[in-house]
Protein chains: 2
Amino acid sequence: MPTIRDVANAAGVSVGTASRVLAGHAATSEESRASVTAAAAALGYRMNARARSLRGSRTQTLGLLVSDVRNPFFSELAHAAEHAAGEHGYLCLLANANEDADQEQRYLDAFASQQVDGVLMTPQSENNPELGRILDDGTPVVFVDRTLRSHTVPSVTVDNAGGIRSALEHLRRRGHTRVGYIAGPTSVSTGAARLAAIDELRAEFGLDNDPLLVIEGDFRAESGTDAALRMLELADRPTAILAADGLMALGAYAALGPRADPADIELVSFDDLEIFGQLHLPISSVSNDPGTMAGEAVRMLLAAIDGEQVESVVLPTRFIDRSAPRGER
Amino acid sequence: MPTIRDVANAAGVSVGTASRVLAGHAATSEESRASVTAAAAALGYRMNARARSLRGSRTQTLGLLVSDVRNPFFSELAHAAEHAAGEHGYLCLLANANEDADQEQRYLDAFASQQVDGVLMTPQSENNPELGRILDDGTPVVFVDRTLRSHTVPSVTVDNAGGIRSALEHLRRRGHTRVGYIAGPTSVSTGAARLAAIDELRAEFGLDNDPLLVIEGDFRAESGTDAALRMLELADRPTAILAADGLMALGAYAALGPRADPADIELVSFDDLEIFGQLHLPISSVSNDPGTMAGEAVRMLLAAIDGEQVESVVLPTRFIDRSAPRGER
DNA sequence: CTGTTAGCGCATTCAT
DNA sequence: ATGAATGCGCTAACAG
């Protein structure tokens with residue numbers, strides 16, 4: 001691969017001049033601009049981004065660490081973040097923590113040694129020492145979707161309590177008082193916040209206060225299936241099930257089986273997945289658009305990289321009612 | 001951030017010695033090993049991967065370019081590739097071409113300027129000049145899932161004809177002769193190969209040769225919905241629909257609607273998505289495991305980076321029958 | 001075994 | 001406007 005030196009030689013100028021022309025610097029003559037450009041094209045010159053970033057202080061690279069790329073919510077988030085970053089000339093290093101704290105640390109270390117300009121992440125483990133080091137180094141970090149008690153970091157999250165409230169309002173309108181809740185892990189901020197909201201609002205919405213109606217899952221489909229099956233075996237079955245995330249809602253859907261009657265049980269999910277619109281049992285949802293979250297988070301991160309002070313934002317949710325018309329219940 | 005020079009000073013050795021210790025090089029004394037290690041820990045030293053790769057020839061970084069991360073097939077592929085790469089000490093730059101040829105070129109350029117050691121991609125545009133340049137530079141490239149006529153590159157693909165055959169065998173067993181086919185874009189190798197296989201086998205399997213029963217989609221859900229709707233409006237409706245990929249199958253499923261009777265129409269998909277097992281209309285599928293494909297592709301790419309000659313591989317598919325028992329038809 | 005030196009590709013001084 | 005020189009952090013070659 002030709003270097004800038006080859007280009008300079010071919011163009012008959014010094015590397016300094018070649019560098020200035022290639023960087024679009026102002027102080028260059030028409031003549032050298034022409035010869036350097038021609039030489040670069042002829043040689044098929046391509047700038048070495050790593051060498052450039054060694055000299056300068058920016059790498060134009062962002063680290064993006066999500067909990068699980070196979071979760072549609074996060075893959076949408078990753079896509080949107082990568083897209084937004086690209087629009088600002090940044091490249092993303094995408095990594096998948098895979099719900100594993102060790103892996104999360106390894107990737108953060110890799111990000112740091114790759115000199116990323118900033119990190120966007122959906123954190124999952126409290127007191128992650130690697131995160132502490134990165135912050136100490138002065139690398140800007142923005143949390144998306146989740147937060148951590150152990151570290152004060154700007155974040156983009158949704159109004160979990162508001163979302164839960166909208167779901168409960170829906171369920172009250174539909175006449176449900178016996179509602180099963182498939183919780184997320186309370187070790188994760190979203191899991192904890194949503195469960196806390198349920199407990200807070202239980203009385204106001206006249207929900208049965210039965211501990212058997214709350215089962216903690218792990219934000220994956222299978223745990224949703226298990227939880228739903230256990231609830232359905234109860235002597236006093238719930239008439240509706242609310243899941244703390246989309247995958248667990250899908251798991252609960254699977255548990256109900258292909259012959260389930262929409263009038264039999266009502267499903268509501270936190271997170272809106274595209275597939276929900278296509279199922280034979282409608283799943284209403286609290287929609288928290290990952291695309292919007294990612295866009296906002298990238299904006300914040302870039303501002304932080306530019307040295308600005310950024311404030312956390314909490315986005316509103318929107319309830320999507322997919323339930324059958326009243327008459328059909 | 002402390003550099004290796006700071007560590008060397010703190011340890012009272014030269015940078016050369018510090019470098020050797022940190023790299024785990026053999027020729028170091030017990031004494032310097034101890035002092036350097038201690039100094040590095042005390043200072044919180046972290047190697048600068050970009051500076052290292054500027055000196056050496058490897059960056060330990062792979063470029064991974066997929067057509068659409070939001071497609072579960074590709075997100076699974078990306079996850080598996082990243083995981084496999086990580087196990088070999090490689091970091092992945094993940095990019096999303098988003099089914100756009102321009103974007104594909106931009107990312108390939110970015111990969112090259114980041115000096116990736118190799119590129120793993122699901123190609124989508126023939127005669128991509130940027131791809132030509134990368135190959136000319138001697139950067140190893142491996143195609144996954146798809147191939148290109150314009151470039152001879154080692155690839156990991158599935159046996160498309162065999163997969164189609166297994167689907168048609170299933171449909172014949174179930175007594176279908178009027179089968180609608182939702183094709184993929186013929187500009188993509190998989191789309192073309194699967195359609196060609198159908199045409200090839202049409203007579204052998206006694207399928208109706210009605211042009212109205214073949215509609216070309218674009219591998220996205222919506223096109224599957226459109227195609228299925230058009231087929232269902234035909235005076236002589238198909239009794240089964242076969243889709244060239246999972247998302248279009250899901251789209252067709254949506255077109256059938258929540259009240260569709262499993263006995264009414266049979267759905268088969270090329271690609272197996274996790275959700276298929278949970279729908280009220282079963283979707284049988286030709287499973288081509290993206291995890292296996294990605295693992296194999298990473299193995300090949302790393303071998304190619306090590307200068308070995310690698311051969312393309314074609315993986316077999318496995319048919320997953322989710323149709324209702326015969327008695328219920 | 002270790003210190004010294006050079007150089008990877010580039011941008012940026014400082015002279016001119 | 002441009003050339004020469006310097007250094008980013010690191011590894012490798014060469015002496016010792």
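Sequence lines set the chain letters: A, B, ... in the order given, protein chains first and strands last, and positions in each chain run from 1.
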Side-chain donor/acceptor pairs under 3.5 Å, residues 84-94 of chain B, sequence neighbours excluded:
none

Checking B:Ser187 now: which residues fulfil side-chain hydrogen bond (donor to acceptor under 3.5 Å, both in side chains) with it, not counting sequence neighbours? none
What are the residues of residues 131-140 of chain A, sorted by number, that bring a heavy atom to within less than 4.0 Å of DNA chain D? none
Let me know the distance between CD of A:Glu30 and P of D:dT2, rounded to the nearest Å. 11 Å
Starting from the first five and the last five pairs of the helix from C:dC1-D:dG16 to C:dT16-D:dA1, work out the angle between the resulting helix axes, to 10 degrees. 40°
When the nearest nucleotide of DNA chain D is assigned to A:Ala18 and to B:Gly16 on a heavy-atom basis, which residue is associated with the more 5' position? A:Ala18
Going by atom types alone, do A:Asn98 and A:Arg70 pair a side-chain donor with an acceptor below 3.5 Å? yes
Where does the chain B footprint on DNA chain C start and end, counting 5' to 3' with a 4.0 Å heavy-atom cut-off? C:dC1 to C:dG9
Separation of D:dA1 atom P from A:Glu31 atom CD, nearest Å, is 13 Å
Determine the contact category for B:Thr28: base if any of its heavy atoms lies under 4.0 Å from a base atom, sugar-phosphate if only primed atoms, P, OP1 or OP2 are that close, otherwise nothing. sugar-phosphate
Give each protein N/O atom lying under 3.5 Å from an N/O atom of nucleotides 14-16 of chain D, with the pair distance.
none

The reported gap from OG in A:Ser113 to CE in B:Met1 (rounded to nearest 0.5 angstrom) is 8.5 Å
Please report the interatomic distance CD1(B:Ile305) to CG(B:Asp117), rounded to the nearest 0.5 Å. 5.0 Å
Strictly below 4.0 Å: does A:Ser14 bring a side-chain N or O up to OP1 or OP2 of D:dA4? no
All side-chain hydrogen bond (donor to acceptor under 3.5 Å, both in side chains) counterparts of B:Arg299, not counting sequence neighbours: B:Glu296
List the atom pairs, with distances to 0.1 Å, where a side-chain N or O of residues 143-152 of chain A and a protein N or O form a donor-acceptor pair under 3.5 Å, not counting sequence neighbours.
{"from": "A:Arg146", "atom 1": "NH1", "to": "A:Ser67", "atom 2": "OG", "distance (Å)": "3.2"}
{"from": "A:Ser150", "atom 1": "OG", "to": "A:Glu126", "atom 2": "OE1", "distance (Å)": "3.0"}
{"from": "A:Ser150", "atom 1": "OG", "to": "A:Asn127", "atom 2": "N", "distance (Å)": "2.9"}

Supply the atom-to-atom distance B:Glu99 CD to B:Asp68 CG, rounded to the nearest 0.5 angstrom. 5.5 Å
Would you compute the distance between atom OG of A:Ser29 and atom CZ of A:Arg20 and round it to the nearest 0.5 angstrom? 10.5 Å
Taking distance alone, no hydrogens or angles, what donor-acceptor pairs closer than 3.5 Å link side-chain atoms of residues 39-54 of chain B to residues at least two apart or in another chain?
{"from": "B:Arg46", "atom 1": "NH1", "to": "A:Asp109", "atom 2": "OD1", "distance (Å)": "3.1"}
{"from": "B:Arg46", "atom 1": "NH1", "to": "A:Glu130", "atom 2": "OE2", "distance (Å)": "2.4"}
{"from": "B:Arg46", "atom 1": "NH2", "to": "A:Asp137", "atom 2": "OD2", "distance (Å)": "2.9"}
{"from": "B:Asn48", "atom 1": "OD1", "to": "B:Arg50", "atom 2": "N", "distance (Å)": "2.9"}
{"from": "B:Asn48", "atom 1": "OD1", "to": "B:Ala51", "atom 2": "N", "distance (Å)": "2.9"}
{"from": "B:Arg50", "atom 1": "NE", "to": "A:Ser53", "atom 2": "OG", "distance (Å)": "3.0"}
{"from": "B:Arg50", "atom 1": "NH1", "to": "A:Gln114", "atom 2": "O", "distance (Å)": "3.0"}
{"from": "B:Arg50", "atom 1": "NH2", "to": "B:Gln114", "atom 2": "OE1", "distance (Å)": "3.0"}
{"from": "B:Ser53", "atom 1": "OG", "to": "A:Arg50", "atom 2": "NE", "distance (Å)": "2.9"}
{"from": "B:Ser53", "atom 1": "OG", "to": "B:Ala49", "atom 2": "O", "distance (Å)": "3.3"}
{"from": "B:Ser53", "atom 1": "OG", "to": "B:Arg50", "atom 2": "O", "distance (Å)": "3.1"}

Are the side chains of B:Met293 and B:Phe73 in touch, meaning some heavy atoms are under 4.5 Å apart? yes
Is A:Ser32 close enough to D:dT2 that one of its side-chain N or O atoms is under 4.0 Å from OP1 or OP2 there? yes
Show each protein N/O and nucleotides 8-10 of chain D N/O combination with a separation under 3.5 Å, one pair to a line.
{"from": "D:dG9", "atom 1": "N2", "to": "B:Ala51", "atom 2": "O", "distance (Å)": "3.4"}
{"from": "D:dC10", "atom 1": "OP1", "to": "B:Tyr45", "atom 2": "OH", "distance (Å)": "2.5"}
{"from": "D:dC10", "atom 1": "OP1", "to": "B:Asn48", "atom 2": "N", "distance (Å)": "3.2"}
{"from": "D:dC10", "atom 1": "OP2", "to": "B:Ile4", "atom 2": "N", "distance (Å)": "2.4"}

One pair to check against side chain to side chain donor-acceptor pair (under 3.5 Å): A:Glu104 and A:Ser125. What are the steps and the verdict? CA-CA 8 Å; A:Glu104 184 175 47; A:Ser125 54; 2.5 Å; yes
Short side-chain donor-acceptor distance under 3.5 Å, A:Ser35 and A:Ser32: no
Should A:Thr37 and A:Val21 count as side-chain neighbours, where that means a heavy-atom distance under 4.5 Å? yes
side-chain hydrogen bond (donor to acceptor under 3.5 Å, both in side chains) with A:Glu82: which residues, sequence neighbours excluded? B:Tyr107
Could you go through residues 11-18 of chain A and list every donor-acceptor pair under 3.5 Å that involves a side-chain atom there, pairing it with any protein atom two or more places apart or in another chain?
{"from": "A:Ser14", "atom 1": "OG", "to": "A:Gly16", "atom 2": "N", "distance (Å)": "3.4"}
{"from": "A:Ser14", "atom 1": "OG", "to": "A:Thr17", "atom 2": "N", "distance (Å)": "3.3"}
{"from": "A:Ser14", "atom 1": "OG", "to": "A:Thr17", "atom 2": "OG1", "distance (Å)": "3.3"}

